[in-house]
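Input: a single structure, listed below in structure tokens.
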Amino acid sequence: MPRTMAGTVLALGGGGFSMSDDGSSAIDDHLLDLTGKATPKVCFVPTASGDDHGYARRFEEAFAGRARTSVLSLFCREPWGYTDPEMLLEQDVVYVGGGSTANLLVVWRRHGLPDLLARAAAQGTVLAGISAGMNCWFESSSTDSFGPLAPLDDGLGLLAGSACPHYLGEADRREAYLGWVASGALAEGYAVDEYAALRFVDGVPVEAVSERPDRPVVRVVRDGEGAREVPFDVRRLAAA
């Protein structure tokens, strides 16, 4: 995989339909707007949750009437069954759900998704994801795939550096990530709080957005024997 990619990625530290009581989300509205289409084709990929049925249904309900939805079930769950993953090349958005980053990466590689997703992005498909769906695009990440928080040096590498979702939303995320970047256990990278997202174009971060106030997005860099945060300006999104 290349260290940087052609195309657009929207990395959500948390938020979106899956953290909304009624399924509404200004970040999801923003994601659809990025396609420039009135009724874009959006495929949800819930691999990290083991293709959880309820999770996928929440996606379908949240995007009903404003997108042509589909679900790629690599576990062959009903009612979706198995679809050739090349269908990802036909999408305007590929939206990756949360769960286990480690399990997602293993299953995706077995089914050939890394190359397909890179091709889709180069053709104009917007790649997006929350939590594990944020982690997967980077070279490495902070994950609880193995229980306790741990560094995972095994991402797709479409985006250079490391990732940390849920930055302030989960206990110990910030402290652990700063420590791993300081020690070299993780490369310098990007931390995104819940209800916020960071958009990359051709591997470069171009805009941070949030759907709630006071939700930071930062670049974390080494500084001597420690690490420091370089904050992005975060644009507050208006609800539709």
Side-chain angles (χ1 to χ4, degrees), residues 1-14 16 18 31 41-56 58-60 69-78 80-147 150-166 186-187 189-190 192 197-198 200 203:
M1 276 296 139
R3 287 179 61 85
T4 57
M5 58 168 286
T8 298
V9 174
L10 187 67
L12 286 74
S18 63
L31 173 59
K41 292 181 286 186
V42 182
C43 180
F44 185 54
V45 186
T47 314
S49 65
D51 289 354
D52 180 81
H53 185 273
Y55 197 6
R58 289 192 67 192
F59 158 76
E60 292 178 321
T69 63
S70 58
V71 175
L72 179 63
S73 175
L74 299 178
F75 290 88
C76 307
R77 303 288 192 214
E78 294 300 332
W80 306 286
Y82 185 82
T83 304
D84 188 331
E86 289 214 359
M87 58 90 76
L88 296 174
L89 299 174
E90 304 169 1
Q91 306 302 312
D92 298 307
V93 175
V94 174
Y95 197 149
V96 182
S100 171
T101 304
N103 291 353
L104 174 154
L105 291 166
V106 170
V107 174
W108 276 13
R109 286 170 175 143
R110 186 64 177 177
H111 288 265
L113 264 68
D115 288 335
L116 286 171
L117 289 163
R119 286 169 56 194
Q123 295 174 184
T125 300
V126 178
L127 306 181
I130 178 173
S131 192
M134 171 184 168
N135 283 344
C136 62
W137 314 117
F138 293 82
E139 294 174 299
S140 56
S141 61
S142 163
T143 183
D144 57 4
S145 295
F146 308 101
L152 178 65
D153 189 18
D154 188 33
L156 298 183
L158 295 181
L159 297 175
S162 65
C164 180
H166 306 290
L186 286 177
Y190 304 90
V192 183
L198 181 60
F200 293 79

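Applying the salt bridge (Lys or Arg N to Asp or Glu O under 4.0 Å) test to E60 and every residue at least two apart in sequence or in another chain returns R57. For the side chain to side chain contact (heavy atoms under 4.5 Å, CB included) test, residues two or more places apart in sequence or in another chain that qualify with D52 are S49, Y55. Residues satisfying the side chain to side chain donor-acceptor pair (under 3.5 Å) test with S18, not counting sequence neighbours, are none. Residues satisfying the salt bridge (Lys or Arg N to Asp or Glu O under 4.0 Å) criterion with D51, sequence neighbours excluded, are absent altogether.
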Please tabulate, for the side chains in residues 118-134, all donor-acceptor contacts under 3.5 angstrom to protein atoms that are two or more places apart in sequence or on a different chain.
{"residue": "T125", "atom": "OG1", "partner": "Q91", "partner atom": "O", "Å": "2.6"}
{"residue": "T125", "atom": "OG1", "partner": "A120", "partner atom": "O", "Å": "3.3"}
{"residue": "S131", "atom": "OG", "partner": "H166", "partner atom": "NE2", "Å": "2.8"}

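Residues F75 and T47 come closest through the heavy atom pair CE1-O, 3.7 Å. Across all their heavy atoms, F59 and S70 have their closest contact at CE2-O, 3.5 Å. In terms of heavy-atom proximity, L88 sits nearest to C43 at CD2-SG, 4.0 Å. Between F146 and A102, the shortest heavy-atom distance links the atoms CZ-CB, 3.7 Å. Contact between G203 and F200 at its shortest, heavy atoms only, is O-CD2, 3.9 Å. When every heavy atom of L186 is checked against every heavy atom of S142, the shortest pair comes out as CD1-N, 4.2 Å.
Side-chain contact between V42 and L31 is absent, with no heavy-atom pair separated by less than 4.5 Å. Residues L74 and W108 have side chains in contact (heavy-atom distance under 4.5 Å, counting atoms from C-beta outward). Proximity of L159 to Y190: side-chain heavy atoms (C-beta onward) are nowhere separated by under 4.5 Å.
Note on residues 124-136: no pairs pass salt bridge (Lys or Arg N to Asp or Glu O under 4.0 Å), not counting sequence neighbours. Annotation: salt bridge (Lys or Arg N to Asp or Glu O under 4.0 Å) contacts involving residues 89-105, sequence neighbours excluded, comprise K37-D92. Residue pairs satisfying the salt bridge (Lys or Arg N to Asp or Glu O under 4.0 Å) criterion with at least one member in residues 93-108, sequence neighbours excluded, are absent. Sorted by first and then second residue, the salt bridge (Lys or Arg N to Asp or Glu O under 4.0 Å) pairs involving residues 100-111 (not counting sequence neighbours) are R109-D154.
When each of L113, L117, L104 is checked for a side-chain contact (heavy atoms from CB on, under 4.5 Å) with V96, only L104 meets the rule.
Of the possible polar contacts, one joining the E139 side chain to the G161 backbone as a donor-acceptor pair under 3.5 Å is found. S162 places no side-chain N or O within 3.5 Å of a backbone atom of S140 that could act as its donor or acceptor partner. One N or O on the side chain of S145 and one on the backbone of T101 form a donor-acceptor pair closer than 3.5 Å.
A distance of 4.5 Å separates OG of S141 from CG of L152, quoted to the nearest 0.5 Å.
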* To do: In sequence, state the C-alpha distance, the side-chain angles, and the governing distance for L158 and F138, and then conclude on side chain to side chain contact (heavy atoms under 4.5 Å, CB included).
  => CA-CA 6 Å; L158 295 181; F138 293 82; over 6 Å; no
